[in-house]
2 protein chains.
Amino acid sequence: MWEDRRQHIDPRRIAHLWAQVAADLRTEISTGRLDDGQRLPAEPDLASIYGVSRATIRRALGVLIDEGLLSRLTGRGTFVTPAADRPQRHD
Amino acid sequence: MWEDRRQHIDPRRIAHLWAQVAADLRTEISTGRLDDGQRLPAEPDLASIYGVSRATIRRALGVLIDEGLLSRLTGRGTFVTPAADRPQRHD
DNA sequence: GATGATTTGTGCGTATGTATC
DNA sequence: CGATACATACGCACAAATCAT
């Protein structure tokens with residue numbers, strides 16, 4: 001992971017770029033390819049990894065934070081929320 | 001060097017600011033005006049020297065680090081990679 | 001060893017320009 | 001024409017590593 005994820009993103013698809021990034025990260029987390037508590041690359045790094053802007057990355061991360069999958073700590077980074085700490089979603 | 005480099009940067013040029021900063025530093029290094037192992041000014045200082053933001057400086061430095069011309073050490077500074085330690089780039 | 005200053009690492013929020021719908 | 005979305009750029013605050021005192 002974190003080499004080059006541009007192949008997972010297709011600007012011509014109908015789905016928005018931020019939704020495609022969010023979906024890709026969500027899969028990596030739920031399948032366990034991203035470990036609990038693991039720190040993600042910095043937002044500018046994620047932007048170049050996915051070939052999108054930082055604004056798009058922030059929107060994608062925001063979605064996963066709302067879902068409880070990620071936690072953001074100012075000055076430290078964005079981390080995979082440990083499964084035990086994740087709230088159950090009931091909407 | 002390190003007095004005032006704003007004259008080397010022109011916001012109206014088509015080239016991006018980070019690319020102009022990177023180009024200027026690359027010239028200073030390859031011409032030997034910056035010695036091997038020499039420490040650059042801190043990022044906030046470079047920002048005021050070039051008249052751009054620290055984010056722009058960091059992007060420019062990142063380019064030169066990718067090219068193997070600079071090395072960054074947390075808490076210490078950014079240094080000119082000795083020519084002997086520089087990987088040969090030809091792509 | 002403790003403290004404070006320095007420097008890089010990261011995230012937060014915003015503004016502007018451009019392209020597209 | 002207005003609304004939406006992305007890229008560049010700005011300034012700021014806080015965290016962590018390092019170094020001098």
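Order of the sequence lines sets the chain letters (A, B, ...), proteins ahead of strands, with each chain counted from 1.
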Is any side-chain heavy atom of [X] less than 4.5 Å from a side-chain heavy atom of [Y]?
X     : Y     : answer
B:L61 : B:L40 : yes
A:D35 : A:V80 : no
A:R59 : A:H16 : no

Return the value, rounded to whole Å, for the distance between atom [atom1] of [X] and atom [atom2] of [N].
X     : N      : atom1 : atom2 : result
A:L17 : D:dT4  : CG    : P     : 17 Å
A:L46 : C:dT10 : CG    : P     : 11 Å
A:W18 : D:dA5  : CH2   : C1'   : 11 Å
A:I9  : D:dA5  : CD1   : P     : 16 Å
B:D45 : C:dA5  : CG    : C1'   : 13 Å
B:R72 : C:dT6  : CZ    : P     : 20 Å
A:Q20 : D:dA5  : CD    : C1'   : 13 Å
A:I65 : C:dT10 : CD1   : P     : 16 Å

Can you see if the side chain of [X] gets near the phosphate of [N] - specifically, an N or O under 4.0 Å from OP1 or OP2?
X     : N      : result
A:R58 : C:dG13 : yes
B:T78 : C:dT8  : yes
A:R59 : D:dC6  : no

- Note on the structure: Each nucleotide of nucleotides 16-21 of chain C classed B (base within 4.0 Å of a protein heavy atom), S (only sugar-phosphate) or -, in 5' to 3' order, makes ------
- What string of B, S and - do you get for nucleotides 11-21 of chain D, 5' to 3', when a contact is any protein heavy atom under 4.0 Å? S-BBSSBSS--
- Message: Are A:I49 and B:W18 linked, directly or through intermediate hydrophobic residues, by side-chain heavy-atom contacts shorter than 4.5 Å (ILVMFWY only)?
- Response: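 Hydrophobic grouping puts B:W18 apart from A:I49.
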- Item | Single-linkage hydrophobic cluster, 4.5 Å side-chain cutoff, B:I65 and A:W2 together |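 No, no single cluster joins them.
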- Query: Which atom names give the shortest non-hydrogen contact between A:T31 and A:E28, and what distance separates them?
  - Reply: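 Minimum heavy-atom separation between A:T31 and A:E28: OG1-O, 3.4 Å.
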- Closest approach of A:R39 to A:R76 (non-hydrogen atoms, all atoms of both residues):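 Heavy atoms of A:R39 and A:R76 come nearest at CD-O, 3.6 Å.
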- Message: Quick one, B:L70 with B:I29, criterion side-chain contact (heavy atoms from CB on, under 4.5 Å). Give me CA distance, side-chain angles, the key distance, then yes/no.
- Response: CA-CA 9 Å; B:L70 295 178; B:I29 294 171; 3.7 Å; yes
- Check: B:A15 main-chain N/O paired with B:Q20 side-chain donor or acceptor under 3.5 Å: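 Yes, because the side chain of B:Q20 sits within donor-acceptor range (under 3.5 Å) of the backbone of B:A15.
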